[in-house]
There are 2 protein chains.
Amino acid sequence: MQQSPVPPETPIYRRIADGLREAILSGELRDGDRLPGENALMAQYGIARATARQALSVLINEGLAVPRRGSGVYVRQFRPIRRHGSRRLSHGRWGRGQAIWDADTEGRPYTVDEVHVDRETAEEDVARVLGGSDVWVRRRRYSVDGRPVQLSVSYFPAALVEGTPVVAEDTGPGGVYARLGELGSAPAHFTEEVRARMPHPHETVQLDLPAGTPVIAIMRTAFTEEGVPVEVNEMVLDAASYVLQYDFDA
Amino acid sequence: MQQSPVPPETPIYRRIADGLREAILSGELRDGDRLPGENALMAQYGIARATARQALSVLINEGLAVPRRGSGVYVRQFRPIRRHGSRRLSHGRWGRGQAIWDADTEGRPYTVDEVHVDRETAEEDVARVLGGSDVWVRRRRYSVDGRPVQLSVSYFPAALVEGTPVVAEDTGPGGVYARLGELGSAPAHFTEEVRARMPHPHETVQLDLPAGTPVIAIMRTAFTEEGVPVEVNEMVLDAASYVLQYDFDA
DNA sequence: AAGTGGTCTAGACCACGCG
DNA sequence: GCGTGGTCTAGACCACTTG
């Protein structure tokens, strides 16, 4: 037997997915709640297993639900961190300014791990910006509340940082930017290019991302007061964990 | 019969997807190229149809491929538009500044359609920012090269714009901001909150998004010189069509 | 007309989790 | 141990695109 002769406008699996999405977005199903499982959907709608799975996969790929093996499918949560771009302009300057999206206050403890510092040959895009492919690279991963949220790779011109604390494992108080300042190359201007896309496999692993989670990719270039580029920083953020904030004037 | 007794590390459909992804990311398969179809994969790997589909669905949900009914599955392309946040800081100021990501030059013709102007009661988040829920709302959709790329909804305090050209269908030269200026409420400061997520169903329709495409959601608040909020602008961008650029000082 | 992807059924074995 | 989701098979009918 096949389905009813006239497919009722939209396929069954879509109608089921739509209903569940509605329940999630309306708040009827809340963070961490369990969705009806495959067996429940099969019984309730009289459908085959594959069809029930297809319905659930829609929500999973939309990032609204997360499957847990041996347990069930659950509503996913969104608890972002607020990341300030141009902070100096944002702080209590425009009295009545209010944030639209809720986000945890900054200042939560970051954990840094998987720090690697290496001398490498930069890819073409980075080399073009820095004006040379001979670079030192600092890679690291940031976690908040034990969950990885950001990968970060910084590139520095080798001629500038060779043999300096910039390429040490621990860069000391104030971090890399303070050390660059001591070299007479304090970053003064920044350009950030922001994209969103689905993660690559290694990002999925390193950030422990469920299906349906995009990443935000930021390429930041730091310039000295004189306009000399001294760092390119490539960041990949779990999109479900971040709200970026930028403030500027007309 | 079932598969071989020991699942060889990773499931078949993943291995196939990994291979195809590799081919795409390495450039072996290029923009618009056709991927091996379901039948080809079934024959090549000796697998069932559902398994071949599962492999392809991975790439589709990652936004790397797009299925075309009756035709095949094709490599997707990424041709972004560059959107400048704080442009005033960016223009030729830091001589050697180079962009990392390619993007079409701005200035390509935008098309605006589906313009709707209505008086409404704002949601709580917008009302909190504007200091009241009585608002006028301007909705519109932007297209470039005939493809929809952005949805935009602007909220204005009704008390400020009631009966002014701000709420006319055509706002005239200089647009809404010029009209706000004539009202003595010229926007002078902006805050943008940026998120990325998977699209809601109506966004998928209005932006004609294939599966696996995230959207960038921007909430921009405009303030006068005195710090009075005069507009909240909620934008939803096709993430595959945009690179955002922000420039700021240390 | 042939080939493609879209939807759906009815089974199967598996690893995992939770009580 | 039982229910859960993860993977896979072997079929079917359909709508659509293309030569």
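Hydrogens, waters and symmetry mates are skipped; everything else that's a heavy atom, side chains included, is used. Naming convention: chains lettered A, B, ... in sequence-line order (proteins, then strands); numbering from 1 in each chain.
- Note on A:Arg14: nothing from the nucleic acid sits closer than 4.0 angstrom, heavy atoms only.
- Remark: B:Glu124 CD is loosely packed, at most 12 non-hydrogen atoms of other residues, nucleotides or ligands lying under 6.0 Å away.
- Comparing D:dG5, C:dG5, D:dC8 against the side chain of A:Glu38 picks out D:dG5 as the nearest.
- A salt bridge does not link B:Glu234 to B:Arg220: none of the charged side-chain nitrogens sits closer than 4.0 Å to a carboxylate oxygen.
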The test is side-chain contact (heavy atoms from CB on, under 4.5 Å); show your working for B:Gln245 and A:Glu192 and say whether it passes.
CA-CA 6 Å; B:Gln245 179 169 341; A:Glu192 294 198 346; over 6 Å; no

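- Between B:Asn39 and C:dG3, a side-chain N or O to OP1/OP2 separation shorter than 4.0 Å is absent.
- For A:Tyr13, a side-chain nitrogen or oxygen approaches OP1 or OP2 of C:dT7 to under 4.0 Å.
- Aromatic ring orientation, A:Tyr142 versus A:Tyr110: perpendicular (interplanar angle above 60°, classes split at 30° and 60°).
- Using modelled atom types and a 3.5 Å distance limit, the side chains of A:Asn233 and A:Ser152 yield a donor-acceptor pair.
- Counted by atom type alone, A:Ser154 and A:Arg139 present zero donor-acceptor pairs between their side chains at under 3.5 Å.
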N/O contacts under 3.5 Å, protein versus nucleotides 17-19 of chain D?
from	atom 1	to	atom 2	distance (Å)
D:dT17	O4'	B:Arg69	O	3.4

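- Residues of residues 44-54 of chain B having a heavy atom closer than 4.0 Å to DNA chain D, listed by number: B:Gly46, B:Ile47, B:Ala48, B:Arg49, B:Ala50, B:Thr51, B:Gln54.
- Using a 4.0 Å cut-off between a side-chain N of Lys or Arg and a carboxylate O of Asp or Glu, A:Asp18 and A:Arg21 qualify as a salt bridge.
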